[in-house]
Protein chains: 2
Amino acid sequence: MAEQHELRDRGLRLTPQRELVLAAVRELGHATPEEVAEKVRQSHPGINLSTVYRNLETLENVGLVLHTHLGHGGATYHAAEELTHLHLVCGVCGSVGDAPIEAAASFVTSLADDFGFRTDVSHFAIYGTCADCFDPNL
Amino acid sequence: MAEQHELRDRGLRLTPQRELVLAAVRELGHATPEEVAEKVRQSHPGINLSTVYRNLETLENVGLVLHTHLGHGGATYHAAEELTHLHLVCGVCGSVGDAPIEAAASFVTSLADDFGFRTDVSHFAIYGTCADCFDPNL
DNA sequence: AATAAAGATGCGAATCCCTCGCAAGTAGTG
DNA sequence: CACTACTTGCGAGGGATTCGCATCTTTATT
Ligand SMILES: [Mn+2]
Ligand SMILES: [Mn+2]
Ligand SMILES: [Zn+2]
Ligand SMILES: [Zn+2]
């Protein structure tokens with residue numbers, strides 16, 4: 001018989017902590033492990049940070065969650081189904097803007113054609129200077 | 001009178017450690033602070049890791065050195081004059097391939113035109129799967 | 001419903017990587 | 001040579017992530 005839960009379907013046990021971590025990632029958009037923990041603690045105060053780390057890793061292994069690198073430091077997590085945009089990170093003000101992933105389509109195609117390289121444009125941020133920080137007047 | 005040394009020219013004192021750190025970055029291509037320290041220790045065994053970190057930062061401040069993010073962890077350093085390529089990092093085998101920076105030219109242009117965003121395509125790696133790891137046969 | 005085995009959790013300790021504080025040493029200046 | 005500012009080595013400090021392990025839970029089986 002077919003399974004009936006997105007976690008069990010992927011061979012994972014269903015624990016309250018696990019469900020809460022996944023729900024938190026989905027609600028938060030971009031989130032660091034620390035932010036996920038904070039969110040989860042709103043309903044389950046006792047959750048341990050290492051449990052959050054372990055579940056993020058587990059959920060990533062089964063494809064429900066992905067991580068990206070938006071800054072010089074640690075990773076941030078996304079629900080897998082939401083990772084449909086580029087991250088434009090400004091090195092001056094630190095803002096994280098979004099751009100449609102299609103903006104990179106021809107770049108991705110040419111890397112594939114010319115180098116045989118399959119690009120995941122969302123894994124690392126696109127780094128630079130945002131319009132506000134570049135424009136001298138404002 | 002004009003100055004005569006690339007470090008003094010930029011207002012920096014000339015110390016053996018500083019020169020060695022810069023030389024190591026130039027010889028190594030991509031290097032982590034730890035790797036730079038190792039290299040420098042070949043001729044100056046007593047150098048301290050924090051001295052390496054401090055000098056990398058100082059050299060970066062005056063534009064002789066730059067850092068990039070090639071992996072999930074810390075930064076790697078380049079001589080500024082060498083940073084003329086994209087880094088294609090394979091998530092499967094970990095290889096770091098190079099591609100000419102022109103491969104991103106139209107992508108950079110469209111981000112500027114459409115979003116006013118000035119992109120530094122070398123600061124973060126381009127992440128994906130290399131030809132060897134993608135091609136099933138080999 | 002009771003049992004057993006595998007897997008998950010909480011907790012504290014341990015790592016890793018990088019930054020600081022400070023006293024001693026050194027480069028640049030005249 | 002003497003002075004001052006900058007650097008260095010070293011040890012301590014921090015933040016983030018990972019581990020080890022004893023104690024629960026979940027799930028599959030009686
Ligand atoms: Mn950076
Ligand atoms: Mn990553
Ligand atoms: Zn900005
Ligand atoms: Zn590869």
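All chains are named by letter (A, B, ...) in the order of the sequence lines, taking the proteins before the strands, and each is independently numbered beginning at 1.
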Not counting sequence neighbours, which residues clear side-chain hydrogen bond (donor to acceptor under 3.5 Å, both in side chains) with [X]? List them please.
X      : result
B:E6   : B:R26
A:R18  : A:N55
B:T32  : B:E35
A:T109 : none

message: Let me spell it out: for each of B:P16 and A:L14, pick the nucleotide of DNA chain D with the closest heavy atom. Which residue's pick is nearer the 5' end?
response: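 The answer here is B:P16.
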- prompt: Looking only at atom types and distance, does a side-chain atom of B:Q17 sit under 3.5 Å from a main-chain N or O of B:I47, one as donor and one as acceptor?
  reply: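 No, the answer is negative, given that no donor and acceptor are paired below the 3.5 Å cut-off.
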query: If you fit an axis to the five pairs at each end of the helix from C:dA1-D:dT30 to C:dG30-D:dC1, how big is the angle between those two axes, to 10 degrees?
result: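 Here the helix ends are tilted 30° relative to one another.
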Between the protein and nucleotides 3-7 of chain D, which nitrogen or oxygen pairs are less than 3.5 angstrom apart?
| unit_1 | atom_1 | unit_2 | atom_2 | d |
| --- | --- | --- | --- | --- |
| D:dA5 | N3 | B:R13 | NH1 | 3.1 |
| D:dA5 | N3 | B:R13 | NH2 | 3.0 |
| D:dC6 | O4' | B:R13 | NH1 | 3.2 |
| D:dC6 | O4' | B:R13 | NH2 | 3.2 |
| D:dC6 | O2 | B:R13 | NH1 | 3.4 |
| D:dT7 | OP1 | B:R18 | NH2 | 2.5 |
| D:dT7 | O5' | B:R18 | NH2 | 3.1 |

task: Using the side chain to side chain donor-acceptor pair (under 3.5 Å) rule, collect all pairs that involve residues 86-100 of chain A, keeping only residues at least two apart or in two chains.
output: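 Listed by first then second residue: A:H30-A:H87, A:H78-A:H87, A:H85-A:H87.
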- request: Return the minimal non-hydrogen interatomic distance between A:L20 and A:S43, and the atom names on each side.
  value: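 Of all heavy-atom pairs spanning A:L20 and A:S43, the closest is CD2-OG, 3.4 Å.
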In whole Å, what is the span from the [atom1] atom of [X] to the [atom2] atom of [N]?
X     : N      : atom1 : atom2 : answer
A:Y53 : D:dA16 : OH    : P     : 7 Å
A:N61 : C:dA8  : CG    : P     : 11 Å
A:L49 : D:dG15 : CG    : P     : 13 Å
A:H5  : D:dT26 : NE2   : P     : 13 Å
A:L56 : C:dA8  : CG    : P     : 14 Å

message: Starting the side chain at C-beta, find the nucleotide from D:dT26, C:dG28, C:dC11 nearest to B:R8.
response: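 Ranking D:dT26, C:dG28, C:dC11 by closest atom to the B:R8 side chain puts C:dG28 first.
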query: Other hydrophobic cluster members with B:F117, side-chain heavy atoms of Ile/Leu/Val/Met/Phe/Trp/Tyr under 4.5 Å, chained?
result: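 Result for B:F117 is A:L86, A:L88, A:I101, A:F107, A:V108, A:L111, A:F115, A:F117, A:V121, A:I126, B:L86, B:L88, B:I101, B:F107, B:V108, B:L111, B:F115, B:V121, B:I126.
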field: Other cluster members, B:V92 - Ile/Leu/Val/Met/Phe/Trp/Tyr, side-chain contacts below 4.5 Å
entry: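 Under the 4.5 Å side-chain rule, B:V92 groups with nothing.
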task: Would you state whether a donor and an acceptor, one from the side chain of A:S50 and one from the base of C:dC11, lie under 3.5 Å apart?
output: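 Such a pair exists between side chain and base.
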- prompt: Do the side chain of A:R54 and the base of C:dG7 come within less than 3.5 angstrom through a donor-acceptor pair of N or O atoms?
  reply: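 Check fails, no donor-acceptor contact within cut-off.
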message: Heavy atoms within less than 4.0 Å of DNA chain C: which residues of residues 24-48 of chain B have one? Give them sorted by number.
response: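 Those residues whose heavy atoms fall under 4.0 Å from DNA chain C, taken from residues 24-48 of chain B, amount to none.
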message: By the salt bridge (Lys or Arg N to Asp or Glu O under 4.0 Å) test, which pairs, at least two apart or in different chains, include something from residues 65-76 of chain A?
response: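 Of all non-adjacent pairs touching residues 65-76 of chain A, none passes salt bridge (Lys or Arg N to Asp or Glu O under 4.0 Å).
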- prompt: Residues in salt bridge (charged side-chain N to carboxylate O under 4.0 Å, His left out) with B:E27, at least two apart?
  reply: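 B:K39.
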